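Worksheet: the structure to be examined is printed underneath.
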Amino acid sequence: MRVVIQDNYEKMSLWAANYIAARIRAHKEDRPFVLGLPTGSSPIGVYKELIRKNRAGELSFANVITFNMDEYLGLPREHDQSYWYFMHDNFFDHLADMKPENIHILDGMTRDPEGECARYEEMIREAGGIDLFMGGIGVDGHLAFNEPYTSLSSRTGVRDLTTDTRIVNSRFFGGDPEKVPAQALSVGIGTVTDAREILILISGHNKARALARTVEGGVSQKWTCSALQLHNAAIIACDEEACGELTVDTYKYFLDIERSQRL
Ligand code: GLP
């Protein structure tokens, strides 16, 4: 695992956007590049920079297929807190050459949630698997909506949200946890770790415990993000604030080895 420590959120975002852009440009296979994407505050800076590159003609999305991580169950696309809405508002609508048919987001209004999730897995397979999965994590270490005690080999499915997550996410629902949907559709931990590369963004004091558990704790279903330890090409891009609970030797180790890396 690589842990790339940047001074602040802006630098973390720039680093991650440059990494993703380099991967898309380097893709030479005769199938599109397949990119997994998250919502939340963590990726907003990355989206801004990817949009800037795209509008400046530095990066094309014409040959990119995307799959989003998750979606609330029961929210229509037009709801301003649906992840469909978030992704279009913060990213897709601003890209010059993203093809709408290449965008995949789980349907939160489906009448057949299990079938929808099975189809999603099938579409990922048909696209050739995910080349790079970008993600964020929750304060309890959830990856996508894989809450504590979700199997580390889980596939795309329906998830019950914990009270903790509903409280944290209530900031987008007028501060009322009851207004946060109780369930979501989410890719599984196994779906994420099947990706060829994983890039997770972790920023801010409130994620410090989750970062320490992800990197230094044992692999455990309590901290589903710890499954990253078993992946051969996982990168965490984080800021200084998120490093507050790492031990000094871990912190120094990652700073040290990153000095010799280019990107
Ligand atoms: C939600 C999403 C996660 C996301 C997490 C963190 O719960 N389902 O995919 O990683 O929030 O969000 P933020 O980046 O806003 O802290």
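All ligand and atom numbering here is 1-based and tracks the order in the structure. In this text the structure is predicted, and so the values were computed from the model without any measurement.
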Under 4.0 Å, heavy-atom basis, I'd like to know which part of [X] is in contact with ligand 1: side chain, backbone, both or neither.
| X | result |
| --- | --- |
| Tyr83 | side chain |
| Ala144 | backbone |
| Ser42 | both |

Taking [atom] as the reference point, the nearest protein heavy atom with its distance:
| atom | answer |
| --- | --- |
| atom 8 (N) of ligand 1 | Asp70 OD2, 2.8 Å |
| atom 10 (O) of ligand 1 | Gly136 C, 3.2 Å |
| atom 11 (O) of ligand 1 | His142 NE2, 4.1 Å |
| atom 12 (O) of ligand 1 | Gly40 CA, 4.0 Å |

Quiz prompt | Polar atom proximity, Lys207 to ligand 1 (N or O, under 3.5 Å) | solution = yes
Quiz item: Should Thr39 be counted as touching ligand 1, given the test is an N or O pair under 3.5 Å?
Solution: no
Quiz item: So Phe86 and Phe172, ring pair (Phe, Tyr, Trp, His ring centres under 6.0 Å) or not? Walk me through it.
Solution: CA-CA 11 Å; Phe86 175 98; Phe172 302 116; 8.2 Å; no
Suppose I only count heavy atoms of [X] and a 4.0 Å limit; which atoms of ligand 1 are within that range?
| X | value |
| --- | --- |
| Arg171 | 15 (O) |
| Ile137 | 6 (C), 10 (O) |
| Asn169 | 1 (C), 7 (O) |

Between the side chains of [Y] and [X], is the shortest nitrogen-to-carboxylate-oxygen separation below 4.0 Å, so that they form an ion pair?
| X | Y | value |
| --- | --- | --- |
| Glu121 | Arg155 | yes |
| Arg55 | Asp97 | no |
| Lys99 | Glu101 | no |

Practice problem: Compute whether any side-chain donor of one residue and acceptor of the other, for Asp176 and Ser170, lie under 3.5 angstrom apart. | Solution: no
Quiz item: Would you call the rings of Tyr83 and Tyr72 parallel, tilted or perpendicular if under 30° counts as parallel and over 60° as perpendicular?
Solution: tilted
Quiz item: Only one of Thr150, Asn146, Thr165 forms a side-chain hydrogen bond (donor to acceptor under 3.5 Å, both in side chains) with Arg159, so which one is it?
Solution: Asn146
Quiz item: Just how far is it from atom CZ of Phe92 to atom CG of Asn102, taken to the nearest 0.5 Å?
Solution: 10.0 Å
